[in-house]
Q: 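Let me begin by handing over the structure; questions about it come next.
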Amino acid sequence: MEAIKYIFSGHDSFQCRQLWLKKGFDFVKDENNFNDEDAVVKLGVGKNMVSSIRFWLKAFNIIDNKDIPTEFGFRMFNENGYDPYLEDEASLWLLHYQLVKNGYASIYSIIFNEFRKEKQFFNKETYVNYIKRIGENNADLNINENTIAKDFIVFANLYKNDPESKDVEDSFSGILSEIELLKTTGKGKEEKFYIENEQRDNLPVAVVLFSILDNLHYGNSISLNSLEFDLNSPGAIFALNRLGLMNKISEIVGESKDITFTDQAGIKELQF
């Protein structure tokens, strides 16, 4: 089995800003190169931010490893794309899904698929210790505590809502703060984060269906447990509790005659 490749750096400690993804997509679509001298001028950001924009485009599955726009990138950010300026909350849920499932920036898959199941309340220190434990069982993983800690701060800023910030473009309200997945308790050194499984009434059912259809590990029959607990399942990525998941499934089944939900001898399955 191939060893998992972990990436904890590349964003230069910049969380993704509101306009970066559209700006970066247009830059790449126009066949510009991030290494060009004039990339700073064309993107209108500092030099370190150029590499950060490139990182986030890859992390959100908007460009591939050769800096070519992906199908998802085109569908979302092209002129006639779904929502190039991210005005619909569904787009933010889709971006969150891509970030976790894509796995390019390792922290997002680790936190939503693994870490939060072990630690209900967590902070930078408990996360760094968790990664150090992964490192102990993985000879190929060189742990730099400082890098891991900075990566965690960027994660928190991406999801955390900071109502005190005034500047929209440079604020610490991350582009994924509106979906309200990450919550905090306590202040200062006592601050802890948590991601609670909820019903998620604000999560569009179409996004949940997309995440199920997009998962290559799912066949035509998927158990309720798999939908709730598997790697990159809707239960894991969207932090859905069982009631919330059942509500989404009911909506999916209600809207499509080709999808059914069965409960036979205690085996609950979604069937396509």
Side-chain angles (χ1 to χ4, degrees), residues 5-109 147 150-162 165-179 181 207 210-211 214 237:
K5 188 175 178 229
Y6 291 100
I7 296 177
F8 299 112
S9 60
H11 43 62
D12 280 300
S13 296
F14 296 110
Q15 47 123 329
C16 188
R17 304 291 200 263
Q18 184 69 34
L19 304 173
W20 279 9
L21 299 180
K22 172 63 176 159
K23 207 182 269 188
F25 171 81
D26 289 344
F27 178 83
V28 170
K29 196 186 74 168
D30 294 341
E31 298 185 355
N32 292 299
N33 191 309
F34 287 104
N35 298 319
D36 288 348
E37 287 286 310
D38 62 353
V40 171
V41 178
K42 284 185 174 173
L43 286 165
V45 296
K47 196 172 182 185
N48 287 5
M49 286 185 178
V50 170
S51 58
S52 185
I53 288 174
R54 184 188 203 175
F55 170 87
W56 287 116
L57 289 172
K58 288 181 180 178
F60 281 112
N61 189 31
I62 290 153
I63 61 172
D64 63 17
N65 281 331
K66 293 177 179 166
D67 292 351
I68 295 165
T70 60
E71 184 189 355
F72 173 71
F74 265 109
R75 288 186 176 217
M76 182 66 84
F77 291 103
N78 213 10
E79 266 95 80
N80 302 317
Y82 294 144
D83 187 16
Y85 297 101
L86 304 179
E87 294 162 307
D88 189 321
E89 198 177 301
S91 306
L92 302 179
W93 283 107
L94 267 179
L95 284 172
H96 162 70
Y97 167 74
Q98 295 287 349
L99 185 61
V100 177
K101 171 249 177 181
N102 197 24
Y104 179 79
S106 302
I107 185 171
Y108 302 93
S109 180
T147 303
K150 282 180 181 170
D151 196 34
F152 182 87
I153 292 166
V154 170
F155 153 79
N157 286 339
L158 195 67
Y159 285 92
K160 193 168 124 179
N161 206 333
D162 183 5
S165 186
K166 304 284 185 285
D167 186 334
V168 174
E169 173 66 3
D170 281 318
S171 82
F172 279 124
S173 281
I175 62 167
L176 298 180
S177 62
E178 283 178 44
I179 58 178
L181 273 169
V207 175
F210 173 78
S211 76
D214 191 52
I237 288 187

Q: So Ile62 and Met76, do their side chains get closer than 4.5 Å, heavy atoms only?
A: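 Met76 vs Ile62: side chains apart.
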Q: Which atom pair, heavy atoms only, marks the closest approach of Val28 to Asp67?
A: CG1-O, 2.8 Å
Q: Could you label the plane-to-plane angle of the His96 and Trp93 rings as parallel, tilted or perpendicular, counting under 30° as parallel and over 60° as perpendicular?
A: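 His96 vs Trp93 ring planes: perpendicular.
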Q: Quick check: do Phe14 and Ile53 have side-chain heavy atoms less than 4.5 Å from each other?
A: no
Q: Should the heavy atoms of other residues, nucleotides or ligands under 6.0 Å from CD of Glu89 be counted, would the total exceed 12?
A: yes
Q: Between Phe60 and Tyr104, is the ring centre distance below 6.0 Å?
A: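 Distance test on ring centres: not under 6.0 Å, no.
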Q: Which heavy atom of Asp12 sits nearest a heavy atom of Ser51, and at what distance?
A: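 The answer is OD2-OG, 2.7 Å.
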Q: Does the Asp64 side chain pair with the main chain of Thr70, one donor and one acceptor, at a distance under 3.5 Å?
A: no
Q: Any side-chain heavy-atom pair from Tyr82 and Asp88 closer than 4.5 angstrom?
A: no
Q: Does the side chain of Leu21 come within less than 4.5 Å of Trp56's, by heavy atoms?
A: yes
Q: Within a reach of under 6.0 Å around NZ of Lys150, are more than 12 heavy atoms found that belong to other residues, nucleotides or ligands?
A: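 Not buried by this count: 12 neighbours or fewer within 6.0 Å.
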Q: Gln15 and Asn157: side-chain donor and acceptor closer than 3.5 Å?
A: no
Q: Is there side-chain contact between Val154 and Ile107, with heavy atoms separated by less than 4.5 Å?
A: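 Counting from C-beta outward, Val154 and Ile107 never come under 4.5 Å.
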Q: Taking side chain as C-beta onward, heavy atoms only, is Phe77 less than 4.5 Å from Leu86?
A: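 Yes, at least one pair of side-chain atoms sits under 4.5 Å.
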Q: Would you call Arg17 and Ile175 a side-chain contact if the rule is heavy atoms closer than 4.5 Å?
A: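 No, side chains not in contact.
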Q: So Tyr108 and Leu158, do their side chains get closer than 4.5 Å, heavy atoms only?
A: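 SC-SC contact between Leu158 and Tyr108 confirmed.
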